[in-house]
Enquirer: 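What follows is a single structure, and I will ask about it in a moment.
Owing to the predicted nature of the structure, the values given are computational and were not obtained by experimental measurement.
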Amino acid sequence: MSHHETWDPKPDAPPEVRGEFSPISTATPGIFLGEHMPLLAQQTDKLAVIRSIHHDDSAHGRGMYWNLTGHAPPRAGNIPPLPTDWPSLPAMVSKLRPAPAGVPSAVRLPYPMVDNGTLQAGEYGGWLGVKYDPIVMRPPAGEPFGGVSRTLGSEVLDLSAGDFERVAERRDLLSALENPARRQEDFETFNHFHALAKDILLGSAVRRAYDLTLEEPKVRESYSNHLGGQSMLLARRLTEAGVPIVQVCCAAGDLNGGQGDMWDTHADNFNRLKNRLLPVFDRGAAALLKDLADRGTLNETLVVFLTDFGRTPRINKAAGRDHYPNVYSIALAGGGIVGGQAYGSSDGQGAFPRTQPCGPPDVHATIFQALGISPRAMLRDQLGRPFSVSDGQVLPLF
């Protein structure tokens, strides 16, 4: 996501930097957003915008690894997931805050991230084990993002297509025929997902949360009929059903070589943002914040808008912006975060941090703090070695 056109506009920069959009005032005096985020501009009293985050890797997969694990990517090149990877934020949270029985420990909507023909590291359980891989679910409705969203073998749970009576009958038959495992550890992972699937399909709160037709029609409409907005609504419903953490991909799932409804706007940056990407994101994200506030649950729900990196200050010859990790912006709301503030700043061209520089480890420490988890809580890998969940410092956003 380009910080110049969203969270950190630069109206006083030269034309080749400031771009085609104008800044707009918001609910918070002194904070301006890009003009195609008018609904979020009304919600800045709930938001803490961080404008000085940076890291050192300009590749999508590795940039995502930085932001979703809080740690530097472990290898060069395109990085598909490995069991030696650092666990994702959802995996760490679900390990430290177990889900209720019958509820997934973490959910990812509406599909996994793909680049260069591979699933991307950083979204999985890593050395915590596959039990902590988030369950991928697809909402029952919504206009899809333009472009390709492949799954590459990752299982996607679609509860809108199921004969649940037949599933129950098959479960009873299997229970009658199946012998118990001789050694539980041999079947631990299989049994975990088998039991979880049974609980989801046959009566857990998750199945009810998945039925978006049960939502108040005006509320559902406020998110729009797009897959992006419906995913945010389903995320809210899943957290209310007990899922500790839900990750939503707000664009097509495959980077498609810079084509389609995704944030890799190397070309035609302004039309793609104005006509497709920002309207979907702005409406869904603003609806989520208002919905949580109206329900009185925003203070106990942390919302984080992450990206892999920003975009280059200078517009290229294809009217696009290229990869840029040297400074970018993210935003947080709820979970005890004080809204109506901007933390840190970038320089006059949005090229480098000017004040209060911070990085993904600091954001992760802040997220853990907001969730009531110590940023120095310990996890152990499969060899029993202890690791702190975060190496960063908690940002003063509370």
Enquirer: Would you call E143 and R276 a salt bridge, using N to O less than 4.0 angstrom?
Expert: yes
Enquirer: Does a donor on one side chain sit under 3.5 Å from an acceptor on the other, for N116 and T118?
Expert: no
Enquirer: Donor-acceptor pair, distance only, cut-off 3.5 Å: does the side chain of N299 make one with the backbone of G336?
Expert: no
Enquirer: Which word best sums up how the rings of H266 and H60 line up, parallel for under 30°, tilted for 30 to 60°, or perpendicular for over 60°?
Expert: perpendicular
Enquirer: Give a yes or no on whether R314 atom CZ has more than 12 heavy-atom contacts from other residues, nucleotides or ligands under 6.0 Å away.
Expert: no
Enquirer: Taking ring-ring contact (aromatic ring centres under 6.0 Å, His included) as the definition, give me every residue that meets it alongside F305, ordered by chain and number, with sequence neighbours left out.
Expert: F281
Enquirer: Keeping to residues at least two apart or across chains, list the ring-ring contact (aromatic ring centres under 6.0 Å, His included) pairs with something in residues 349-398.
Expert: W86-F387, W127-F387
Enquirer: Any non-hydrogen side-chain atom of D308 less than 4.5 Å from a side-chain atom of W66?
Expert: no
Enquirer: Would you say P81 and E123 make side-chain contact, with heavy atoms under 4.5 Å?
Expert: no
Enquirer: After noting the C-alpha distance and the side-chain angles of T69 and S88, does the key distance pass the side-chain hydrogen bond (donor to acceptor under 3.5 Å, both in side chains) rule?
Expert: CA-CA 5 Å; T69 70; S88 67; over 6 Å; no
Enquirer: Kindly state each residue pair satisfying ring-ring contact (aromatic ring centres under 6.0 Å, His included) with at least one member in residues 218-251, sequence neighbours excluded.
Expert: F145-H226
Enquirer: Please check: side-chain N/O of T366 versus main-chain N/O of L395, any donor-acceptor pairing under 3.5 Å?
Expert: yes
Enquirer: Which one of L332, I337, L292 satisfies the side chain to side chain contact (heavy atoms under 4.5 Å, CB included) criterion with V303?
Expert: L292
Enquirer: Strictly under 6.0 Å, is that where the ring centroids of Y65 and H71 end up?
Expert: no
Enquirer: Answer yes or no: is there an ion pair linking K274 with E5, defined by an N-O contact shorter than 4.0 Å?
Expert: no
Enquirer: Taking atom types as modelled, find out whether R18 and Q349 have a side-chain donor-acceptor pair closer than 3.5 angstrom.
Expert: no
Enquirer: Hey, is CZ on R208 packed in by over 12 heavy atoms from elsewhere, all under 6.0 Å?
Expert: no
Enquirer: With sequence neighbours left out, what residues match Y124 under ring-ring contact (aromatic ring centres under 6.0 Å, His included)?
Expert: none
Enquirer: Count I, L, V, M, F, W, Y as connected when their side-chain heavy atoms are under 4.5 Å apart, and connections chain through other members. Are I367 and I50 then in the same cluster?
Expert: yes
Enquirer: Looking at K95, I want to see if its NZ is surrounded by more than 12 non-hydrogen atoms of other residues, nucleotides or ligands under 6.0 Å.
Expert: no
Enquirer: Would you mind listing the cluster partners of F32? Hydrophobic ones only (ILVMFWY), side-chain contacts under 4.5 Å, chaining allowed.
Expert: none
Enquirer: Test: salt bridge (Lys or Arg N to Asp or Glu O under 4.0 Å). Region: residues 48-70. Which pairs qualify, not counting sequence neighbours?
Expert: D8-R51, D57-R62
